[in-house]
Amino acid sequence: MSTPPKQVILGAHFPGVNNTTVWSDPRSGSHIEFDSFRRFARAAERGHLDFLFLAEGLRLREQRGLIHDLDVVGRPDTLPVLAALAGVTDHLGLVGTINATFNEPYEVARQFATLDHLSGGRAGWNVVTSSDAFTGENFRRGGYLDRELRYERAESIVRAARHLWDSWQVDAVAGDQEHGRFLADGTVGEFGYHDDHFDIAGHFNVPRSPQQHPVIFQAGDSDGGREFAARTADVIFTRHGTPEAGRAFFRDVKSRLARYGRRPDDLKILPGVTFVVGDTDEEAAELAADIRRQQVSGQTAILLLEQVWNRDLSGYDPDGPLPDVEPEVGPSSIIQGRARHVDDARAEVTRLRALAEEKNLTLREVAIERGQRQAFVGSPETIADALIDAVQTEVSDGFILVPHITPGGLDAFVDQVVPLLVERGALRASYAEGSTLRDQLGLSAARPATDWETAAAAGVRKESA
Ligand SMILES: Cc1cc2nc3c(=O)[nH]c(=O)nc-3n(C[C@H](O)[C@H](O)[C@H](O)COP(=O)(O)O)c2cc1C
């Protein structure tokens with residue numbers, strides 16, 4: 001009998017309005033009404049996926065001083081949405097993105113512990129570190145964090161939260177009716193946490209939650225982000241364009257774990273991916289090309305390439321050639337509220353010009369081609385086989401699916417691909433009763449905050465030795 005393949009972990013990213021989705025499709029519904037979240041979550045649960053994932057955007061992006069046309073809706077406040085979903089789902093993990101820079105550990109620890117209670121152990125926190133002053137203007141203290149400190153602060157907030165989550169002993173609640181004593185003793189929830197970022201002390205007021213520590217995700221691909229994940233997180237949410245890039249990332253990140261006394265399986269790597277299911281591979285390829293054209297209108301193509309050129313390109317014709325001007329290099333960015341992901345603008349422009357020439361592409365076609373991400377496109381069989389193969393060949397431990405339609409975009413995957421994954425032994429046929437998100441992801445039970453700190457300190461010593 002052949003051994004079953006490694007399990008494919010699957011999350012479902014609730015899609016807002018952005019250039020991986022198609023808001024203008026007639027099947028597209030509201031990105032804010034609860035019914036959309038509920039339908040999406042129930043589809044994920046019908047397919048016994050591991051978790052639903054919500055991104056976060058704390059300020060409307062601006063480009064050329066105007067609100068960016070995409071990414072405007074679909075990101076209401078994360079925690080109320082997840083709390084409401086806890087009431088209409090039974091097994092699905094509920095993972096929300098909450099920034100480490102603009103929040104306090106006491107608040108965040110309370111919120112996630114509460115979500116963990118409400119959901120019976122299904123909470124996950126995606127710790128992001130965006131620290132830009134533009135977003136900071138929304139907050140009391142303004143953009144106060146130096147970018148270099150973003151991961152130091154993230155590590156601090158998670159460490160402090162872990163102390164808060166540990167502050168209630170397992171047997172803290174006595175519930176002694178005979179003597180009328182609710183608590184076992186008066187020291188319940190006592191904490192004190194002091195470092196360069198936080199100086200807090202008191203009594204935490206949420207009892208120990210089912211997972212004790214909600215699952216910690218991190219999203220951020222830089223060297224600092226990878227090291228933070230190796231030292232602190234249970235899951236990395238990442239993105240890359242090809243399976244080869246995925247394997248290189250996988251090897252790099254997993255190799256960092258031993259330094260902190262962790263095994264490769266202690267940190268799961270999950271790239272975000274789009275998918276298009278068709279009756280045949282040819283039909284799916286045609287559908288995918290059509291979706292890309294809808295996602296990148298002429299105006300969107302201009303906005304996307306402005307992020308490469310870092311200058312106003314509104315005078316150019318999207319159906320004409322690439323701009324003949326050179327990119328603007330320097331510290332100022334045309335976009336605010338989101339990092340520009342262009343390391344060397346001159347080299348990127350040279351590459352795009354060569355691509356346009358070789359394939360005879362217009363400006364809009366270049367924008368479409370440049371934005372291609374790793375996608376699973378094909379018949380249900382092709383997609384199921386490709387997902388299984390990617391996990392067996394260490395591209396990742398699974399994927400976070402990003403459908404292009406809200407809220408019905410998961411349906412084809414759940415109804416046509418999931419049964420094949422189950423048949424091939426790569427996905428559970430049903431949820432195990434009473435399992436937490438930690439159990440579902442194959443993670444071990446939460447370790448106490450002090451264990452993490454000892455391992456991190458030993459790892460840092462090894463690194464600097
Ligand atoms: C796949 C992925 C998803 C992300 N999602 C969010 C998000 O929803 N909200 C947010 O504020 N930042 C998000 N980020 C940004 C990161 O948290 C981080 O702030 C940024 O990438 C800078 O960190 P880095 O220099 O390590 O990449 C995301 C990053 C990645 C790679």
Side-chain angles (χ1 to χ4, degrees), residues 11-21 31 51-61 68 70-79 81-82 94-103 108 124-139 143 145-155 157-158 216-233 235-241 245-246 249-250 252-253 256 267-274 307 333 335-343 371 373-375 395-402:
H13 188 303
F14 181 86
V17 173
N18 58 48
N19 56 29
T20 51
T21 57
H31 295 77
F51 60 90
L52 175 145
F53 183 95
L54 293 184
E56 180 187 67
L58 290 174
R59 180 160 180 178
L60 296 183
R61 273 194 274 155
H68 197 291
L70 295 174
D71 230 2
V72 176
V73 293
R75 293 184 180 186
D77 192 35
T78 301
L79 286 153
V81 175
L82 294 182
L94 300 168
V95 181
T97 304
I98 293 289
N99 195 290
T101 303
F102 305 112
N103 291 293
V108 179
W125 171 17
N126 179 37
V127 183
V128 295
T129 61
S130 318
S131 58
D132 58 292
F134 177 74
T135 303
E137 285 172 9
N138 279 343
F139 296 91
L145 192 70
D146 187 331
R147 192 176 141 75
E148 290 307 306
L149 296 177
R150 67 195 185 288
Y151 282 112
E152 194 184 297
R153 160 117 184 171
E155 196 133 358
I157 193 170
V158 174
I216 300 292
F217 283 54
Q218 95 81 37
D221 286 345
S222 62
D223 190 64
R226 296 177 192 204
E227 205 57 29
F228 166 63
R231 215 163 30 224
T232 313
V235 179
I236 295 195
F237 174 30
T238 178
R239 61 185 144 219
H240 30 67
F249 184 87
F250 188 95
D252 175 77
V253 171
R256 294 172 189 246
L267 177 66
K268 309 293 183 190
I269 298 178
L270 305 179
V273 285
T274 57
Q307 291 168 25
S333 172
I335 186 158
Q336 291 200 283
R338 186 183 201 190
R340 260 176 80 226
H341 294 286
V342 184
D343 291 334
R373 289 227 209 124
Q374 192 181 355
V395 170
S396 67
D397 292 301
F399 293 94
I400 298 186
L401 303 169
V402 188

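Indexing begins at 1, ligand by ligand and atom by atom, following the structure's order.
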[X] side chain near [Y] side chain, heavy-atom distance below 4.5 Å:
X      : Y      : value
Pro271 : Phe249 : no
Arg226 : Asp252 : yes
Phe53  : Leu270 : no
Trp125 : Ile157 : yes
Leu267 : Gln218 : no

Enumerate the atoms of ligand 1 whose separation from the nearest heavy atom of [X] is less than 4.0 angstrom.
X      : answer
Arg147 : 25 (O)
Thr238 : 1 (C)
Glu56  : 7 (C), 8 (O), 9 (N), 10 (C), 11 (O)
Ala55  : 8 (O)
Ala219 : 2 (C), 3 (C), 4 (C), 16 (C), 17 (O), 18 (C), 28 (C), 29 (C), 30 (C)
Tyr151 : 23 (O), 24 (P), 26 (O)

Ring geometry between Phe139 and Phe102 (parallel below 30°, tilted from 30 to 60°, perpendicular above 60°):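 Phe102 and Phe139: parallel rings.
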Within-shell test, Arg150 vs ligand 1, heavy atom, strictly < 4.0 Å: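 Heavy atoms of Arg150 do come under 4.0 Å of ligand 1.
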Should one rank [options] by closest heavy-atom distance to [atom], which comes out on top?
atom                    : options                       : answer
atom 13 (C) of ligand 1 : Val128, Thr97, Val402         : Val128
atom 26 (O) of ligand 1 : Gly96, Gly225, Ser222         : Ser222
atom 21 (O) of ligand 1 : Gly272, Ala100, Gly57, Gly220 : Gly220

Contact (N/O only, under 3.5 Å) between Arg239 and ligand 1: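 Checking ligand 1 against Arg239, no N or O pair falls under 3.5 Å apart.
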Atom of Asn103, atom of Arg153 and distance for their closest heavy-atom approach: O-NH2, 2.6 Å
All salt bridge (charged side-chain N to carboxylate O under 4.0 Å, His left out) counterparts of Asp221, not counting sequence neighbours: none
